[in-house]
Amino acid sequence: MGSLKAEGLTNLNNEITIDGSFINSLDSPVIMINRTGKIIAVNRAFEQWQDIPRAEVIGKSIGDLISYDQPEAISDYLQSGNFKSLNEALLEWRFNTQSTIRITARFHSIRLDNGESGLLVIIKKKPSAHEDLQLYKAVFDFSFNAIAILDSNGRYLMQNNAHRKMIGYSNEELEGKTPAIHMGEQAFQEIFKELSKHGRCSGEYECVTKSGKHLFIGLSAFTILGSDGRPEYYVGIKRDITESKKHKEQLQTSQQKLRQVIDLVPHQIFLKDKHGNLILVNKAVAEAFGTTVEELIGKNHRDLHPNQEEVERFLAEDQQVIQTGKEMFIPRQPFTYADGTVHWLETRKIPVEFADHGTCVLGVSLDITRRIQIEDALRESEERYKSLIETNFDGVLIHDRGEIIDVNQQLADMFGYSIEEVIGRSLLDFASPVSADLIREQMLSQSGNMIEVTGVKKDGTQLILEVISNDCMYQGRKVRINAIRDVTQRKLMERAYRAATERALLYLDLMSHDLRNQFQVVVGYATLAMEMLDDEGLRDIMEKIVKSVDVCESIIRKVAITEQLLSQSLREVNLNQILYTCLSNLRSKWTNVNFIIQIEIENATIMANEFLEFLFTLLIEHLITHNPHDDKTIWLSAIEVISGYNISIADNGLGISDERKPDIFDIHRRYGGIEIHQAKQIVERIGGSMSVKDRVPNNSELGVCFVIYLPRVPLDIADTT
C-alpha cells in the first residue's frame, strides 16, 4: 500500500454534530470515520472524485482505500480519540489506480448519533495535469466570451460553445477554415499580419454569421509561442458588441442632432466652468471668435477674447451666477469680435450642474446690434422727418387717432389753409360727409391700405383724393402717417373716357344691328332675283353680291367682338391648353392644310381672357384664307423667353413686302385687314406685343411670320392667386 505524510498539524478546538444531508451539500470530497477507522459515510463529491459507488465504500476501513507508511499519524488519533490535536495536513495519497496526487485534508472532531466521537475528513484536492486540462477545458467551454484557437497557419483548431453560438458554424464546418469565413479575407489578413508582427491584436470588426446575420465584434487576440520561439497557436477572444455599437451610434447621432440644432440657432450658446473654460459652444460663438467649434472646446475665455476688460466683466458675471445660483439677464453689453468689430449683445445666464465640472454657467446671447442701429436710425429719422415730408410732392399728414399733429406745406396748400390752421383739428373737418364713415374705418384698420375719399377745400371746392396710411413712431409714440394725393383731374378724365367709350359701344351696337337688318334684305332680294333670272352671267353677278354680303356679315361679327374686348377682365390661363385646343379645332376644320407644330413650353401661365384662343384662330385663319397656294402650310412654335413667351405663326403664302411691313399694324392704312388689327388689339389688351417678319429671312415672297409676345404671370400675382 502507499504512505501517508502529515505536515503542519495544528490543534482543533471545536467539536460538531453532523448528519449526512450536510456533507452532501459540500462541494469538496468528504469522508466520515468512526473511532475504529471504519467509513460510515461519504458525500456525492467523494463518489465523483474517486469514481467509486457509495455502497462499495461504506463499512470499509479507510486503510482499504488508502495506504500509508506511518499509520501512527492517523491511527493514534483514531484509537486515542484525541481528535482535537489534529487540524490540517498536507498529504500524499496513492489510489488503487496507482495514480498519486497531493491533497490538503482538514480534520474535524464530530459527535455521532450514538454519542460516540468520530472524524470528519474534508479533502482539498490539488489537481493533476489531467485535471488541470479538464479545468482549463471547463473554463474554455463555459466562458461567456467567444474563444477560438487557431493553428500556426491561422486555421481553426477548436472553438468554445459561446463562439459556436455567435457565428453559427459547427466544429466540423470550421475544420481547416480561417476566420475569413465569417469576417472576410481582408480583415483576417490584417489581423494575422498584426499578430505576426506584434503578437497581439485588438479592434472592432464586422462579422457575418452562418445564417447571414451581420454582427459587430470586439476582438482581442494573442500569440502562443512554441519551444522554438515561433508562433504555435493563436487565441482569439470575441465579444458581440452589436447592441453596444448600435447604442453608441444612436448616442452619436443624438449628439450630432443636438449639435445641428444648436448650430442652426443664430444666437450664441455657450457653457463655461467656474474657471472660464469653454465646455460647449455653438457655431455662432465660433464665428464670433473667428475659429471653429472644435478649436474652442477646452480653451479659456481669457486666452481667446481680444478685449480683456470685457473678459473680466463676463467672468465676474459668471461667478455671480455660480455663487448666487440665480439667473442673470444683461439687456445690453458690448462684445468685441475677433475681427475687431464691436457688437451689442443681450445675454441670459443660468447656473447648471454639469458632470465632472460642478456648477457651470449656461449662456445664450442675442446679437442686438442691428436693433440698436435701427433704434438710433429712428431717433435720427425723427430729427430729419420734417425736411423729408416738406420735400414730398404729395400731401403728408400725421395724426393720432384722428387728431392732426403735423402736416407738410403741400397738404396745407392742397386744402387752401396754412399749416397752423390745420394742426390740432380733426381729419373729418377736411372731408365731405359722404366720406366720413370710410375715414373712420381707415383709422381703425391695419396700416398700408389705400382708400379714395372726397375732401373739401377751405373755399368749399371738393377734391377727389387717394389716401394711403402707415403706422410709425413719432416723438416716442405710435401714430399714423397719411400720404394724400389729389387725383381730381385724373378722375375727371377717366370719367370722360368711360363716357366716350360707352357712346362708341352704343354706336357700334346700333350700327351692327341696323346694318345686319339691311344685309338680310339685300340677301333676300338677291336670292329671289337669282331664281327669276335665266341669264348665267347675271346669276354669277348675283352670287358675288351674296358672297360680298356674307363677307360684310363676317366683318360686322368681328367688329362686334371689339365691344367685349373693352370690358373683358383678365385672369390666369394656361397657355399650353389654349394652344392645343385651338390647333385641334383648326385641324378638324382645315383638313387640307399641313400644320407643323413645335411647342417648347410647359404649364405656361399668363394673364388673359377667353379671347386668347380667338386671337390664335383669327390669325391662323387669316393666313389660310389669304394663301393662294393649293399646298397650304402653317408653322406654329412656342418658346420661353426671359419674362414671358414668344409664339410664332407663319405660312407659305405670298408674304408681305418690306415696304408694307412698317405699316401693317397702322390702323389708318388698314393694310392688314380687320383680323390683323383685332389680333393686335387682343395682344395689347393682355399686356403683350406683336411684330411681323419674313418666314425665310431676306425673302419676303416665301411667306410671312407673326411673332406674338405674351408676358408670364408676375410672381407677386401668382403668390396671391
Side-chain angles (χ1 to χ4, degrees), residues 266 329-333 343-346 366-491 716-717 719-720:
F329 176 69
I330 305 98
R332 176 172 174 171
Q333 62 182 174
H343 293 241
W344 291 91
L345 303 181
E346 178 183 279
L366 170 63
D367 192 331
I368 59 172
T369 307
R370 180 58 180 164
R371 188 176 77 192
I372 290 176
Q373 291 173 345
I374 292 174
E375 290 174 353
D376 293 341
L378 284 174
R379 283 193 295 271
E380 294 177 5
S381 68
E382 285 188 3
E383 297 174 359
R384 298 198 308 266
Y385 96 97
K386 276 284 187 185
S387 59
L388 243 150
I389 64 174
E390 290 301 332
T391 57
N392 200 310
F393 290 107
D394 294 333
V396 178
L397 180 149
I398 301 174
H399 70 90
D400 184 2
R401 288 169 291 187
E403 180 184 348
I404 299 172
I405 56 179
D406 208 350
V407 298
N408 66 350
Q409 188 62 52
Q410 285 83 343
L411 189 284
D413 294 342
M414 188 183 298
F415 284 89
Y417 292 93
S418 65
I419 293 177
E420 293 72 21
E421 289 177 305
V422 177
I423 293 176
R425 295 177 63 177
S426 171
L427 284 177
L428 300 179
D429 293 342
F430 302 92
S432 68
V434 296
S435 298
D437 290 340
L438 186 57
I439 293 174
R440 291 190 187 96
E441 289 178 9
Q442 191 203 42
M443 289 165 55
L444 299 174
S445 66
Q446 295 292 326
S447 61
N449 59 325
M450 187 180 74
I451 61 174
E452 182 179 302
V453 298
T454 303
V456 181
K457 297 178 64 173
K458 187 176 183 179
D459 61 6
T461 304
Q462 290 191 342
L463 301 172
I464 303 174
L465 306 173
E466 285 182 349
V467 181
I468 186 168
S469 62
N470 273 296
D471 292 332
C472 69
M473 296 302 297
Y474 174 78
Q475 296 180 354
R477 57 177 170 166
K478 186 177 180 180
V479 298
R480 182 160 289 192
I481 182 169
N482 289 354
I484 302 173
R485 176 170 294 176
D486 183 357
V487 294
T488 306
Q489 293 301 319
R490 191 187 76 195
K491 291 294 181 181
D716 54 348
I717 295 178
D719 291 341
T720 57

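Small disclaimer: the values here were computed from a predicted structure and weren't measured.
Interatomic distance, Lys491 NZ to Glu466 CD, rounded to the nearest 0.5 Å: 5.5 Å. Remark: Ile423 CD1 to Glu403 CD distance equals 10.5 Å, nearest 0.5 Å. Rounded to the nearest 0.5 angstrom, Ile468 CD1 and Ile481 CD1 are separated by 11.0 Å. In this structure, CD on Glu421 lies 12.5 Å from CG on Asp429, to the nearest 0.5 angstrom. Rounding to the nearest 0.5 angstrom, the gap separating the CG atom in Asp406 from the CG atom in Leu411 is 10.0 Å.
Thr454 places no side-chain N or O within donor-acceptor distance of the main-chain N or O of Ser432, the cut-off being under 3.5 Å.
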Inset, instruction - Using the side chain to side chain contact (heavy atoms under 4.5 Å, CB included) rule, take Gln410 and Val396 through it: C-alpha gap first, then chi angles, then the decisive distance, then the call. - result: CA-CA 7 Å; Gln410 285 83 343; Val396 178; over 6 Å; no
Inset, instruction - Verify side chain to side chain contact (heavy atoms under 4.5 Å, CB included) between Val453 and Phe430, making sure each step is shown before the conclusion. - result: CA-CA 11 Å; Val453 298; Phe430 302 92; over 6 Å; no
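Smallest separation of non-hydrogen atoms from Asp486 and Ile464: OD1-O, 3.5 Å. Residues Ser418 and Ala412 come closest through the heavy atom pair C-CB, 3.9 Å. Closest of all the heavy-atom pairs between Asp471 and Arg480 is OD1-NE, 3.0 Å.
Side-chain contact between Leu345 and Ile368 is absent, with no heavy-atom pair separated by less than 4.5 Å. For the pair Val407/Ile398, no side-chain contact is recorded, criterion being any heavy-atom separation below 4.5 Å from C-beta on. Residues Arg371 and Trp344 have side chains not in contact (no heavy-atom distance under 4.5 Å, counting atoms from C-beta outward). Leu397 places a side-chain heavy atom less than 4.5 Å from the side chain of Leu427. In this structure, Lys457 and Tyr417 have side chains that are not in contact, with every pair of non-hydrogen atoms separated by 4.5 Å or more. Between Glu441 and Ile451 the shortest side-chain heavy-atom distance does not fall below 4.5 Å.
Judged as a ring-ring contact (aromatic ring centres under 6.0 Å, His included), and not counting sequence neighbours, the contacts of His343 are Tyr337. Scored by the side chain to side chain contact (heavy atoms under 4.5 Å, CB included) test, Leu428 finds Ser426, Ala436, Ile439, Arg440 as partners (sequence neighbours excluded).
When each of Val467, Leu463, Asn408 is paired with Ile484, the side-chain contact (heavy atoms from CB on, under 4.5 Å) condition holds for Val467 and for no other.
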